[in-house]
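Reviewing the structure listed below.
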Amino acid sequence: MTIRTAVVSLLAIALLAWFFSRANPGDVWAQVSRARPELVIAATALVGVTFWMRTVRWQYLLAPIGRTRFRTAFRTTVIGFAALSLLPARAGDLLRPYLLARQEGLSTPATFATVVMERVIDFITVLILMAAYVWGFADETTLAPALRRPIEVSSALAALAALVMMGVMWVLA
């Protein structure tokens with residue numbers, strides 16, 4: 001066992017101990033026993049599909065830098081998103097490209113740039129979905145009439161910003 005493995009194991013044990021020291025076992029068991037197994041299985045499967053899709057997207061963005069193995073990209077994706085949940089300051093967004101670049105022999109700054117591109121793509125997607133909802137699906141029951149016009153204008157501007165960002169990314173690519 002290496003020192004790094006021992007440190008990570010001790011950290012995991014310490015975090016579990018901290019969690020269980022603040023948890024009420026009766027309440028935890030009550031919530032777990034009420035869970036519907038089919039929904040837990042479906043949610044777990046969807047998380048797996050999400051990580052698979054993110055890995056494929058990341059490999060596509062990494063292609064100009066160099067080839068990456070799916071297994072390595074998938075593993076570092078899961079590690080990075082786990083770190084996002086556990087560590088402050090979005091450290092997982094730094095950890096993921098660092099680990100992949102180190103394991104695959106890629107340029108760390110170039111690999112980090114692909115994560116920035118992912119975040120821009122995510123932002124563009126959210127802006128497009130917001131504009132599509134406001135302009136195509138929102139009605140008086142879901143959007144207060146007094147707020148409709150300002151939201152329509154801001155969503156139109158957001159959609160325009162998304163299109164401009166996509167154009168800039170296309171030119172840069």
Side-chain angles (χ1 to χ4, degrees), residues 1-32 34-35 39-66 68-131 133 154-155 157-158 161-162 164-166 168-169 172-173:
M1 180 185 321
T2 66
I3 293 176
R4 181 173 44 170
T5 304
V7 169
V8 169
S9 298
L10 287 173
L11 179 62
I13 291 168
L15 287 172
L16 281 171
W18 177 76
F19 169 76
F20 285 118
S21 71
R22 288 168 169 64
N24 180 335
D27 288 344
V28 171
W29 179 250
Q31 295 301 318
V32 169
R34 288 184 15 209
L39 293 180
V40 172
I41 292 168
T44 303
L46 284 174
V47 168
V49 168
T50 300
F51 282 133
W52 178 81
M53 290 171 54
R54 287 180 175 276
T55 301
V56 169
R57 177 180 71 173
W58 196 25
Q59 282 188 300
Y60 180 77
L61 293 173
L62 288 163
I65 300 167
T68 57
R69 292 171 296 203
F70 180 83
R71 180 175 187 243
T72 305
F74 185 81
R75 183 179 40 202
T76 55
T77 297
V78 172
I79 291 169
F81 279 91
L84 282 172
S85 300
L86 297 172
L87 302 174
R90 298 197 60 89
D93 281 339
L94 299 174
L95 182 63
R96 184 167 59 116
Y98 170 76
L99 291 174
L100 184 80
R102 198 169 124 209
Q103 292 176 10
E104 295 287 348
L106 302 174
S107 161
T108 302
T111 306
F112 178 74
T114 63
V115 173
V116 173
M117 289 288 287
E118 278 186 325
R119 293 295 162 253
V120 171
I121 291 169
D122 290 345
F123 182 61
I124 290 169
T125 302
V126 168
L127 293 178
I128 290 170
L129 289 172
M130 181 186 78
Y133 171 75
S154 63
S155 67
L157 291 173
V164 169
M165 282 191 280
M166 285 182 0
V168 169
M169 286 175 45
L172 291 175

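Note: hydrogens, waters and symmetry copies are ignored here, and every other heavy atom, side chains too, is used.
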- Query: Which heavy atom in F81 sits nearest to a heavy atom in R119, and how many Å separate them?
  - Reply: CZ-NH2, 3.7 Å
- Could you check T77 against W52 for side chain to side chain contact (heavy atoms under 4.5 Å, CB included), going step by step and ending with a plain yes or no? CA-CA 9 Å; T77 297; W52 178 81; over 6 Å; no
- Message: So, taking the atom named OG in S155 and the one named CG in L129, what distance separates them when rounded to the nearest 0.5 Å?
- Response: 12.0 Å
- Any W18 side-chain heavy atom under 4.5 Å of R22 side chain: yes
- To the nearest 0.5 Å, tell me how far I124 CD1 sits from M165 CE. 5.0 Å
- Got more than 12 heavy atoms from elsewhere within 6.0 Å of CE, M169? yes
- Please walk me through it: do V115 and T111 pass side chain to side chain contact (heavy atoms under 4.5 Å, CB included)? CA-CA 7 Å; V115 173; T111 306; 5.8 Å; no
- Non-hydrogen side-chain atoms of M166 and I128 separated by less than 4.5 Å: yes
- Message: I'd like to check W58 versus T55 (side-chain heavy atoms, cut-off strictly below 4.5 Å). Are they in contact?
- Response: no
- Mind listing the closest non-hydrogen atom pair of G80 and R96 along with its distance? CA-CB, 4.0 Å
- Do you know the tightest heavy-atom contact between Q59 and A73? CG-CB, 4.0 Å
- Query: Would you find more than 12 non-hydrogen atoms of other residues, nucleotides or ligands less than 6.0 Å from F70 atom CZ?
  - Reply: yes
- Give the minimum heavy-atom separation between A83 and G92, together with the two atoms involved. CB-CA, 3.7 Å
- Query: What is the distance from atom CG of L62 to atom OG1 of T114, rounded to the nearest 0.5 Å?
  - Reply: 4.5 Å
- Task: Report the distance from atom CG of L94 to atom CG of L84, rounding to the nearest 0.5 Å.
- Result: 9.0 Å
- CZ/R90 to CG/L95 distance, rounded to the nearest 0.5 angstrom? 13.0 Å
- Message: Contact between V168 and V120 at the side-chain level, heavy atoms closer than 4.5 Å - yes or no?
- Response: no
- Item | Verdict with reasoning, D122 to R57, per side chain to side chain contact (heavy atoms under 4.5 Å, CB included) | CA-CA 11 Å; D122 290 345; R57 177 180 71 173; 2.7 Å; yes
- Rounding to 0.5 Å, atoms CG (L39) and CG (L46) come to a distance of 10.5 Å
- Message: Side chains of D93 and E118, heavy atoms from C-beta outward: is any pair under 4.5 Å?
- Response: no
- Query: What do you reckon, is CZ of F51 surrounded by more than 12 foreign heavy atoms closer than 6.0 Å?
  - Reply: yes
- Min side-chain heavy-atom separation I121-T125 under 4.5 Å: yes
- Less than 4.5 Å apart, any side-chain heavy atom of M117 and any of L172? no
- Task: List the atom of I65, the atom of A110, and the distance in Å for their closest heavy-atom pair.
- Result: CD1-O, 3.3 Å
